[in-house]
Amino acid sequence: MIPVNEPLIGEREKEYVLDCLETGWISSAGKYVDQFEAKWAEYCGMQFGVGVCNGTAALLAAVAALELKPGDEVIMPSFTIISCALAIVESGATPVLVDSDPEIWTMDVRQVAEKITPRTRAIMPVHIYGHPVDMDPLWGLAEQHNLIILEDAAEAHGAEYRGRKCGSLGNMSCFSFYANKIITTGEGGMVLTSDPDLAGRLRDQRNLAFKPERRFYHTELGHNYRLTNLQAAIGLAQIERIEELITKKRRMAQLYEDGLSGLPLQLPVEKDWAKNVYWMYGVVLDDAVPFDVLEFAHRLKESGVGTRPFFLGMHEQPVLNDRNLFIGERYPVAERLARRGLYLPSGLTLTEGQIEQVVEAVRGILV
Ligand SMILES: *Cc1c(COP(=O)(O)O)cnc(C)c1O
């Protein structure tokens with residue numbers, strides 16, 4: 001079976017991890033955490049990096065740092081991972097949804113203005129599958145209504161919007177370094193900001209809100225979201241080779257595009273204002289195809305090709321509906337993506353021969 005996504009771990013990663021083991025720096029204290037935070041912030045063009053234990057924790061810490069009140073609202077896409085809604089719900093605020101752009105699958109920024117109310121505090125754009133959100137309209141709305149922009153850039157390491165890196169396009173940005181992300185630490189995450197007050201609140205969230213002045217005296221509640229030196233060691237080695245990893249993803253996308261064009265499938269695009277890093281190569285079945293995406297995935301599996309389904313929109317999640325959220329709301333683009341989309345093998349270990357095999361399998365099913 002051709003795997004959907006596997007990390008690429010090299011000699012440098014092993015060398016840095018071995019250094020942690022040999023020197024005994026295996027907890028969240030140690031030089032690699034500082035170096036990883038500084039390097040990633042610099043790469044993305046932000047001032048501060050706060051490393052955390054995963055991407056979901058990054059979102060939880062970032063939303064908590066906004067100190068929202070019950071009834072405050074955050075606008076986010078329906079078509080994303082549950083982590084985004086979780087962070088907003090846990091903070092006591094209310095998530096408010098918009099549908100997806102039918103072409104690039106990120107939040108439809110044309111729908112954001114009509115969702116703004118006097119309670120809106122923030123917008124959470126999510127760069128889906130490696131393609132950036134069209135930020136310009138969001139910047140305008142944020143300025144006009146005094147809103148925070150919190151990016152979820154977990155799928156967009158190195159992607160660019162009008163020449164600027166994803167992760168530097170708002171007040172704060174969240175990354176995941178899970179094993180299937182473009183750069184990985186196994187499990188891991190980071191929040192970036194250039195605001196020193198937010199950076200301080202993020203560090204409080206990460207480390208139980210301990211205060212250096214008086215360690216076991218607390219004026220607020222934080223969590224233990226710490227990242228280990230071992231994880232950061234892997235991450236540092238990964239940043240050092242990020243251009244190679246992005247080049248591989250873009251080459252994969254080119255080969256898929258050449259092989260799959262002309263089929264009844266919608267393929268990923270790259271808007272002229274964007275650099276897409278193709279974290280996952282998603283495809284969406286045209287309406288003319290007489291079977292659904294489950295059947296498509298099943299047939300691909302029989303040909304030895306692993307796939308993963310697209311997200312199911314937040315408005316279709318029982319756990320959120322049970323909390324009285326999104327009752328009766330419809331987001332037709334997100335609903336269609338969930339029912340007609342999947343992603344093909346997209347890992348960094350994928351060979352050109354394997355990509356050809358996937359193309360042949362897809363053509364065999366759809367031609
Ligand atoms: C992977 C991912 C996350 C969550 O990251 P974890 O490290 O798995 O907790 C959050 N948002 C998006 C868009 C993701 O793709």
Side-chain angles (χ1 to χ4, degrees), residues 28 33 36-38 40-41 43-70 72-77 80-97 106-107 120-128 132-133 135 138-139 142 146-157 159 165-178 181 185 187-209 220-227 231-232 235 314:
S28 58
V33 175
F36 180 46
E37 289 176 339
W40 188 245
Y43 175 79
C44 294
M46 290 286 249
Q47 227 168 326
F48 308 104
V50 179
V52 293
C53 53
N54 56 61
T56 303
L59 286 160
L60 284 161
V63 176
L66 297 178
E67 300 179 337
L68 300 176
K69 293 179 188 60
D72 284 352
E73 294 167 1
V74 180
I75 299 175
M76 59 171 281
T80 183
I81 193 169
I82 191 87
S83 311
C84 301
L86 169 74
I88 298 166
V89 169
E90 291 274 296
S91 77
T94 304
V96 172
L97 303 180
T106 58
M107 82 195 304
T120 309
R121 295 287 171 268
I123 308 173
M124 185 188 284
V126 185
H127 310 298
I128 296 284
V133 174
M135 297 298 295
L138 299 186
W139 288 334
N146 196 24
L147 308 175
I148 294 277
I149 292 184
L150 167 54
E151 293 174 79
D152 182 345
E155 304 182 354
H157 308 71
K165 289 257 168 26
C166 287
S168 70
L169 307 175
N171 305 77
M172 270 191 288
S173 60
C174 293
F175 286 90
S176 165
F177 304 112
Y178 181 62
K181 305 294 163 144
T185 60
E187 296 280 355
M190 200 179 297
V191 188
L192 301 181
T193 184
S194 291
D195 178 330
D197 292 332
L198 283 174
R201 274 184 258 158
L202 290 166
R203 291 191 195 102
D204 285 345
Q205 279 299 314
R206 169 176 68 182
N207 196 21
L208 298 170
E220 56 186 307
L221 290 174
H223 300 266
N224 176 356
Y225 290 150
R226 298 185 299 257
L227 178 79
Q231 294 166 316
M314 293 301 107

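All values reported here derive from a predicted model rather than from experimental measurement. We count residues from 1, following the sequence as given.
Remark: R203 engages no residue in a side-chain hydrogen bond (donor to acceptor under 3.5 Å, both in side chains) (not counting sequence neighbours). Listed by chain and residue number, E160 satisfy the salt bridge (Lys or Arg N to Asp or Glu O under 4.0 Å) test with K165 (two or more places apart in sequence, or in another chain). Listed by chain and residue number, nothing satisfies the side-chain hydrogen bond (donor to acceptor under 3.5 Å, both in side chains) test with H157 (two or more places apart in sequence, or in another chain). Every residue meeting the salt bridge (Lys or Arg N to Asp or Glu O under 4.0 Å) condition with E220, not counting sequence neighbours, appears here in chain and number order: K211.
Interatomic distance, CH2 of W40 versus CZ of F177, reported as 5.5 Å (0.5 Å rounding). A distance of 11.0 Å separates CZ of R121 from CG of L66, quoted to the nearest 0.5 Å. Here the CE atom belonging to M135 is positioned 5.0 Å from the CG atom belonging to L169, to the nearest 0.5 angstrom. To the nearest 0.5 Å, atoms CD1 (I123) and CG (L150) are separated by 10.5 Å. Atom CG in D152 sits 12.5 Å away from atom OG1 in T106 (nearest 0.5 Å). For the atom pair M76 CE and L97 CG, the distance stands at 5.5 Å (nearest 0.5 Å).
For the residue pair S194 and P196, the shortest heavy atom distance occurs at O-CD, 3.5 Å. Residues A153 and G167 approach most closely at CB-N, 4.2 Å, considering heavy atoms. Nearest approach of R226 to C53, heavy atoms of both residues: O-CB, 3.4 Å. Nearest heavy-atom pair across L147 and T120 is CD2-O, 3.2 Å. A87 approaches V63 most closely through the heavy-atom pair O-CG1, 3.6 Å. When all heavy atoms are compared, the tightest approach of C166 to F175 is O-CZ, 3.7 Å.
Pairs engaging residues 44-58 under the side chain to side chain donor-acceptor pair (under 3.5 Å) rule: T56-S83 [sequence neighbours left out]. Applying the salt bridge (Lys or Arg N to Asp or Glu O under 4.0 Å) rule to pairs touching residues 193-202 yields E67-R201, sequence neighbours excluded.
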Item to check | CA sep, side-chain torsions, deciding dist, call: E37, L227, side chain to side chain contact (heavy atoms under 4.5 Å, CB included) | outcome: CA-CA 10 Å; E37 289 176 339; L227 178 79; 5.8 Å; no
Next on the checklist: Could you go through Q231 and E187, starting from their C-alpha distance and side-chain angles, then the distance that decides it, and tell me whether this counts as side chain to side chain contact (heavy atoms under 4.5 Å, CB included)?
Outcome noted: CA-CA 7 Å; Q231 294 166 316; E187 296 280 355; 3.9 Å; yes
Checklist entry - Where do R206 and V191 land on the side chain to side chain contact (heavy atoms under 4.5 Å, CB included) test, with the steps shown first? => result CA-CA 10 Å; R206 169 176 68 182; V191 188; over 6 Å; no
Checklist entry - Passes side chain to side chain contact (heavy atoms under 4.5 Å, CB included), Q205 versus V50? Steps please. => result CA-CA 10 Å; Q205 279 299 314; V50 179; over 6 Å; no
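Results of the side chain to side chain contact (heavy atoms under 4.5 Å, CB included) test with M124 over I75, L59, I149 single out L59 as the only residue that passes. The side chain to side chain contact (heavy atoms under 4.5 Å, CB included) with M314 is formed by just one residue from the set I88, I82, L86, I81; it is I82.
Between F36 and T185 there is a side-chain heavy-atom pair separated by less than 4.5 Å. Between L60 and E90, some side-chain heavy-atom pair lies under the 4.5 Å cut-off. Residues V89 and P95 meet the side-chain proximity criterion, which asks for heavy atoms closer than 4.5 Å.
Using modelled atom types, no side-chain atom of D72 and backbone atom of V74 make a donor-acceptor pair closer than 3.5 Å. Between the side chain of T193 and the main chain of N171, a donor-acceptor pair closer than 3.5 Å is present.
Within 6.0 Å of atom OH in Y43, more than 12 heavy atoms from other residues, nucleotides or ligands are found, so the atom counts as buried in its surroundings.
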